[in-house]
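Notes for the one structure printed next.
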Amino acid sequence: MRQRVVRVALTAVLVALVLLAVPLALAIRSSLYAAQRDALERAALAGAVRVSPDYATGDPVELPPPPAGGRLGLYDPQLRLRAGSGPRTGDDTVRRALAGKVTRSTGGSEIVAAVPVSHDERVIGVVRVSSAVQDVRDRVLVGWAILLGAAVLALTVAVLVARRQARALAAPLEDLSRHCRAVTGGDLTARAAPSTIAEIDQVARTHNEMLHSLAELLRRERDFTANVSHQLRTPLTGLQLTLETGLEQDDTRPVLEEALDATRRLHHTVEEVLRLSASAGLPRPVEPDRAVAGLLRETEERWHGLFARDGRRLECAPDDVRVPGGPVAEILGVLLDNARVHGHGTVRVTVRDLDDALALDIADEGTVNGDFARLFERGHTEGGAGTGIGLALARDLAFSLGGRLSLTNRAPTTFTLLLPVRSAEGTRGGRPEAGATAGTRRVRPDAGQPRNGHGDPVARPVAPADARTVAVRGTECGNGFTVPKPG
């Protein structure tokens, strides 16, 4: 590309030089010849002024000196040289000047100018001045040499400028080409650097945006594949064991019902993973459709046997708030599986009402000793057990609901799922109620509370909160609130 740019620039400069230099060279030649003729004519006029009418009777004539390298002479009407220098007999230029007109001619090796000398309206002689043509030609060649030097200098400058501009144009394109080859080799992190050329910068920005979109798309596809693999591996193994057990029994109906429930859970799991993949990492509204009490009861039934098999207990403390059943069930499943694999002792699932948010605490008697910053990093796992996908998936599911999943205690290990709360109508006094985002929905503010003799609800006692709090920004959970850290 650089050579092509240089060739184009040189072609343009050469065309410009030809179009400019040829007329200029002709103008130099014409002007030098014209200037020489004018100089000879002035010299002839100066000589004619000095000619006395009595020169024919022998009166001496004092002519001015001729131009450098030239000749100046006075001729009578008979074309005879009477004074000065020149041919002994007047030539055709002198003959035409006898008619009373100033004449010029260029012939042979001389440039000639002839001026008539008049007296009493009669031509009495002619002053002839001439110079060698070679002198003018030498001056023309000098002028042309200067013009050629200027053209060569201009061409040299043009080559240097063209090469510099070629580098400036080609460098960002070559850099973009290198990045494209890197992308072809599988490096989606390659990004084109900005340059000083607006058009190329626009191409680079479009290229980088395309790479970013492509990388995000591939990341979502990889995450979807990993999430599906992680979420379906254990249920499919359980379903296989259930069916194998059913083959050994005469009454297969209970086994088939259990297998049918397992397939329904698999269907919901796939739907949630698909919803998360379609959300592109942005929170999207999900209608609360399950009461927490029922959800925790089903969760306890599903996971009780697994914990009991390891000699551990699972305790759930429900509440009366409705939540999006599918996503919350998947998050709870991930956290309970994480507690079963990495935790110790009794596992407790507690629901806390924070007015503008709902907190679900999943706590066990284990301890987190690893790097807290990498705890939710996809692919990272402590102690070599697991795939490092579950907590990342749970965090993404929580974020898709407008909530947040975080580790609130290292010892004992406690994960807290925060979900913003909205009322059943979502408004209060004609305005949106505070915290009215996708997440949980309160059925009745006083549901489940005891009532006094007048039928008014009696406030339930609230356990004092620990002074330590975890601040959650509204952009993360859909509402600004402070979550008491579970004791």
Side-chain angles (χ1 to χ4, degrees), residues 1-17 20 151-227 274-284 371-380 388-389 391-393 395-400 402 404-406 471-478 480:
M1 177 181 176
R2 297 189 182 191
Q3 295 180 355
R4 189 179 298 112
V5 172
V6 172
R7 284 197 298 269
V8 170
L10 289 181
T11 301
V13 172
L14 285 175
V15 171
L17 287 177
L20 179 64
V152 171
L153 178 62
L155 188 61
T156 303
V157 172
V159 170
L160 296 177
V161 173
R163 290 175 65 87
R164 181 175 180 180
Q165 289 299 317
R167 285 195 300 270
L169 289 173
L173 292 178
E174 292 171 353
D175 180 68
L176 185 60
S177 176
R178 285 194 299 270
H179 284 87
C180 289
R181 288 195 297 270
V183 172
T184 303
D187 182 11
L188 296 182
T189 61
R191 294 294 183 270
S195 65
T196 58
I197 303 172
E199 293 78 5
I200 297 179
D201 283 348
Q202 183 177 0
V203 174
R205 284 193 299 270
T206 304
H207 172 78
N208 292 340
E209 292 171 0
M210 177 193 68
L211 279 182
H212 178 72
S213 300
L214 181 60
E216 283 297 309
L217 178 61
L218 293 178
R219 183 189 63 80
R220 289 199 298 270
E221 290 183 354
R222 288 194 298 267
D223 291 350
F224 172 76
T225 304
N227 292 338
L274 286 173
R275 184 190 63 81
L276 177 62
S277 178
S279 67
L282 299 176
R284 291 191 176 184
D371 185 1
F372 176 77
R374 301 188 60 193
L375 188 61
F376 292 93
E377 182 178 324
R378 184 174 291 271
H380 174 73
I389 297 175
L391 289 179
L393 171 60
R395 178 201 57 190
D396 293 342
L397 286 171
F399 184 78
S400 71
R404 178 180 178 182
L405 176 63
S406 60
V472 181
R473 295 190 298 273
T475 56
E476 294 175 331
C477 293

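One-based numbering along the sequence shown.
Of all heavy-atom pairs between R395 and L405, the closest is N-CD2, 3.8 Å. Closest approach of A193 to H179, counting heavy atoms only: N-CE1, 4.5 Å. Heavy-atom minimum distance, A154 versus L17: CB-CD2, 4.2 Å. Residues A158 and V13 come closest through the heavy atom pair CB-CG2, 3.4 Å. Listed here is the closest heavy atom pair of I197 and P172: CD1-CG, 4.4 Å. Across L169 and I200, no two heavy atoms sit closer than the pair O-CD1, 3.7 Å.
Considering CG of L211 and OG1 of T206, their distance stands at 11.0 Å, rounded to 0.5 Å. To the nearest 0.5 Å, the span separating CG on L176 from CZ on R191 amounts to 12.0 Å.
Remark: S177 pairs with R181 by the side-chain hydrogen bond (donor to acceptor under 3.5 Å, both in side chains) rule, at least two apart or across chains.
Residue-environment remark: CZ (R163) stays at or below the threshold of 12 foreign heavy atoms within 6.0 Å.
Residue pairs meeting the salt bridge (charged side-chain N to carboxylate O under 4.0 Å, His left out) criterion with at least one partner in residues 196-214, sequence neighbours excluded, are absent.
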